[in-house]
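First the proteins, then the strands, lettered A, B, ... as listed; each starts at 1. Owing to the predicted nature of the structure, the values given are computational and were not obtained by experimental measurement.
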Amino acid sequence: MSLPMPDADSFARRLLAWFDVHGRHDLPWQHPRTAYRVWLSEVMLQQTQVAAVIPYFERFLGRFPDLRSLAAAPGEEVMRYWAGLGYYARARNLHAAARAVVERHGGEFPSDYAAVLALPGIGRSTAGAILAQAHGQRHAILDGNVKRVLARWAGIAGWPGETAVAEQLWACSERLLPATRLADYTQALMDLGASLCSARKPRCGDCPLAADCRAHLEGRTAELPGAKPKAKKKARPQREAWLIVASDAQGRWLLEQRPGAGIWGGLWCPPVVDLAEDWAAALYQRHGLRLAAVQTDTPIDHAFSHYDLRLHPLRGRLAEPAAAEALRESVPHAWHQPAELSAGVVALPAPIARYAERQAAPTDLLGQTALASVRRPRRRAAPKTPSPAS
DNA sequence: AATACGGGGGC
DNA sequence: GCCCCAGTATT
């Protein structure tokens with residue numbers, strides 16, 4: 001640190017003056033700015049953009065208006081209101097934390113930093129953001145937007161994923177904290193990163209910090225913050241599986257609840273069986289069921305961050321009525337109409353919900369679903385459907 | 001220190 | 001297609 005840190009007080013003053021005029025003052029979690037609402041917004045906003053969060057936030061809050069109602073709700077229902085947002089561990093942690101707050105703090109969201117940090121799903125940045133915004137406490141944050149703003153303004157090079165770089169950024173974030181207006185300051189920093197100080201084309205001409213921003217002064221906004229080092233061209237693995245859509249006499253689908261950890265943890269989904277396996281044997285082993293009149297559908301392609309999944313839907317009727325005693329209970333299961341699924345009766349992975357909606361909806365002459373809300377999945381060229389014969 | 005975890009949106 | 005996005009937990 002050879003260069004002196006420019007005046008921190010001036011940094012906050014300029015940022016707040018900009019925020020008063022150009023910042024966001026109308027976000028749903030700002031009115032009222034209670035700890036519960038801020039907490040919920042911060043968790044939803046982890047790795048998820050504001051525009052995607054807002055409708056989920058409103059819906060969630062409509063069903064769980066306060067912390068106690070969330071703690072009292074069954075986990076199943078919490079997952080339903082989260083389905084489609086992704087990163088489902090966030091919802092499980094949120095629910096567990098609500099129950100922990102009831103147990104440890106009598107239902108009142110704690111205002112002590114260590115107590116907040118101890119709750120599941122809340123890390124260093126989220127704890128600071130909640131307490132700063134809900135109570136005006138003086139804590140630093142460091143989310144993706146703030147990393148960008150500070151790396152540029154202070155000229156901190158290197159990829160923020162590296163510990164040493166992250167520590168510099170945290171130190172910078174703490175050093176710049178003002179003495180007052182912490183709630184607005186925190187929001188202002190995030191707003192600046194989300195608007196003017198964007199990743200691609202920052203609008204430095206309008207930025208209140210440009211006068212002493214090192215990246216701007218040195219023409220390095222494109223290089224800061226540093227990018228993640230190029231991974232060794234590891235082609236994303238492609239996985240394929242059967243999606244067994246078994247219908248009973250009423251047209252209801254068999255659903256399994258997926259294990260808590262891993263992909264789509266805790267969500268409901270028709271049985272998924274690896275393409276290399278014998279799907280009929282797997283279905284019988286798991287549920288004691290056999291299918292007749294099996295037909296395939298266009299594959300469903302879904303991209304995860306670390307692999308691509310292609311699901312081959314296999315639709316069939318139960319070969320005989322499902323005798324209650326024949327249904328194995330080893331795997332949690334349920335029966336639902338496709339129309340119920342698209343109506344959000346259970347928590348489904350987003351691509352499965354779209355598939356159910358297509359199956360339930362009337363189709364027009366082009367064979368496309370008539371519902372405008374349905375988005376067609378991204379599709380690789382000419383997907384091949386293997387033979388379901390086994 | 002590295003990896004897992006989802007889905008939407010920009011370009 | 002590819003990359004990014006208001007991170008945390010786990011290994």
More than 12 heavy atoms of other groups within 6.0 Å of A:Glu76 CD = yes

Hey, is the side chain of [X] poking within less than 4.0 Å of OP1 or OP2 on [N], counting only N and O atoms?
| X | N | value |
| --- | --- | --- |
| A:Arg354 | B:dG8 | yes |
| A:Ser125 | C:dT8 | no |
| A:Trp29 | C:dA6 | no |
| A:Arg148 | C:dC4 | no |
| A:His302 | B:dG7 | yes |
| A:Arg92 | C:dA9 | no |
| A:Tyr87 | B:dA4 | no |
| A:Gln47 | C:dG7 | yes |

Of the nucleotides [options], which one has an atom closest to the side chain of [X]?
| X | options | result |
| --- | --- | --- |
| A:Gln46 | B:dG10, C:dG7, B:dG6 | C:dG7 |
| A:Tyr88 | C:dG7, B:dG7, B:dC5 | B:dG7 |
| A:Phe304 | C:dA6, C:dC3, B:dG7 | B:dG7 |
| A:Thr48 | C:dT8, B:dG6, C:dC3 | B:dG6 |
| A:Asp143 | C:dA6, B:dG7, B:dG6 | C:dA6 |

Exercise for the section: Answer with base, sugar-phosphate or nothing: what part of the nucleic acid does A:Gln187 contact at a heavy-atom distance below 4.0 Å? Expected result: base

Review point. Looking for any heavy atom pair under 4.0 Å, which part of the strands does A:Val53 touch: base, sugar-phosphate only, or nothing?
Key: nothing

For the aromatic rings, using the six-membered ring if either is Trp, is the centroid distance between A:Tyr307 and A:Phe304 under 6.0 Å? yes

C:dA6 versus B:dC11 - spacing of their P atoms, nearest Å
14 Å

Checklist line | C:dC4 to B:dG6 separation - C1' atoms, rounded to the nearest Å | finding: 14 Å

Please tell me whether [X] and [Y] have a donor and an acceptor in their side chains that are separated by less than 3.5 angstrom.
| X | Y | result |
| --- | --- | --- |
| A:Arg148 | A:Asn145 | yes |
| A:His139 | A:Gln137 | yes |
| A:Arg37 | A:Ser41 | no |

Comparing A:Gly161 with A:Pro349, nearest DNA chain B nucleotide closer to 5' gives the residue A:Gly161

Nearest-nucleotide check on DNA chain B, A:Trp264 vs A:Ala51; residue mapping nearer the 5' end is A:Trp264

By the Watson-Crick or G-U definition, both distances under 3.5 Å, B:dG8 is matched with C:dC4

Ranking A:Ile122 and A:Leu45 by the position along DNA chain C of their nearest nucleotide, the one closer to 5' is A:Leu45

